[in-house]
Amino acid sequence: MISVIIPCYNSAKTIILVLNSVINQTYKNYEILIVDDGSNDNTKDLVHDFFKDKHINYKYIYQQNSGPSSARNNGVQNSSGEYIAFLDSDDEWHFQKLEIQMKLIFEKNLNFLASTYTYDNLENENIDEIELRQYSFKKLLFSNKFS
């Protein structure tokens, strides 16, 4: 199972798009953890209303404002998945993102997979052209290779 961790702060304008991009994934073995980093808008109400009529495994965690890193760490500590996927509260995923990444993880016997990719038009994307690069742990310590 994948734990999808979504840190958010005053995300009322974007949180529904974000959540839709998760629940519309072709890969369905996931839980969703929304970690609210002290929002003072109606993010909480929108999240709970969104899941009201859905049978989806999710957790809403509220914390005092401590920043996005703290929210991500809180999400990891409360997750139960074998894998972790982070999604910012103002981003959206391609509907096959998790399926493609899990396929690569199993095919290549990977412990870690990250991607850097931006798209503007979901309908005209050619996702068959994926370029894989391998980095040593040492290189990752000294340089961020991902967005």
In the hydrophobic clustering (ILVMFWY, side-chain contacts below 4.5 Å, transitive), which residues join Ile61, or is it alone? Ile5, Leu33, Val35, Val76, Ile84, Phe86

With Asp91, which residues qualify under salt bridge (charged side-chain N to carboxylate O under 4.0 Å, His left out), at least two apart? none

Under 3.5 Å donor-acceptor, Asn10 side chain and Ser39 backbone: no

How about NZ on Lys28, more than 12 heavy atoms from neighbouring residues, nucleotides or ligands closer than 6.0 Å, or not? yes

Could you check Tyr83 against Met1 for side-chain contact (heavy atoms from CB on, under 4.5 Å), going step by step and ending with a plain yes or no? CA-CA 6 Å; Tyr83 296 94; Met1 178 171 59; over 6 Å; no

Could you walk me through whether Gln63 and Asp36 satisfy the side chain to side chain donor-acceptor pair (under 3.5 Å) test, starting with their C-alpha distance in whole Å, then the side-chain angles of each, then the deciding distance to 0.1 Å, before giving a yes or no? CA-CA 6 Å; Gln63 68 178 32; Asp36 190 328; over 6 Å; no

Test log, rule side-chain contact (heavy atoms from CB on, under 4.5 Å), inputs Arg72 and Asp88: CA-CA 10 Å; Arg72 286 184 189 95; Asp88 288 342; 2.8 Å; yes

Using modelled atom types and a 3.5 Å cut-off, is there a donor and acceptor pairing between side-chain atoms of Ser11 and backbone atoms of Tyr9? yes

With no hydrogens and no angle check, is any side-chain donor or acceptor of Thr26 less than 3.5 Å from a backbone partner on Gln96? no

Do any pairs count as a ring pair (Phe, Tyr, Trp, His ring centres under 6.0 Å) and have a residue in residues 59-78, sequence neighbours left out, and if so which ones? His48-Tyr60

Can you tell me how the ring of Tyr58 sits relative to the ring of Phe51, calling it parallel under 30°, perpendicular over 60° and tilted otherwise? parallel

Would you mind checking if Asp49 and Lys54 are paired as a salt bridge, meaning a charged N to carboxylate O distance below 4.0 Å? no

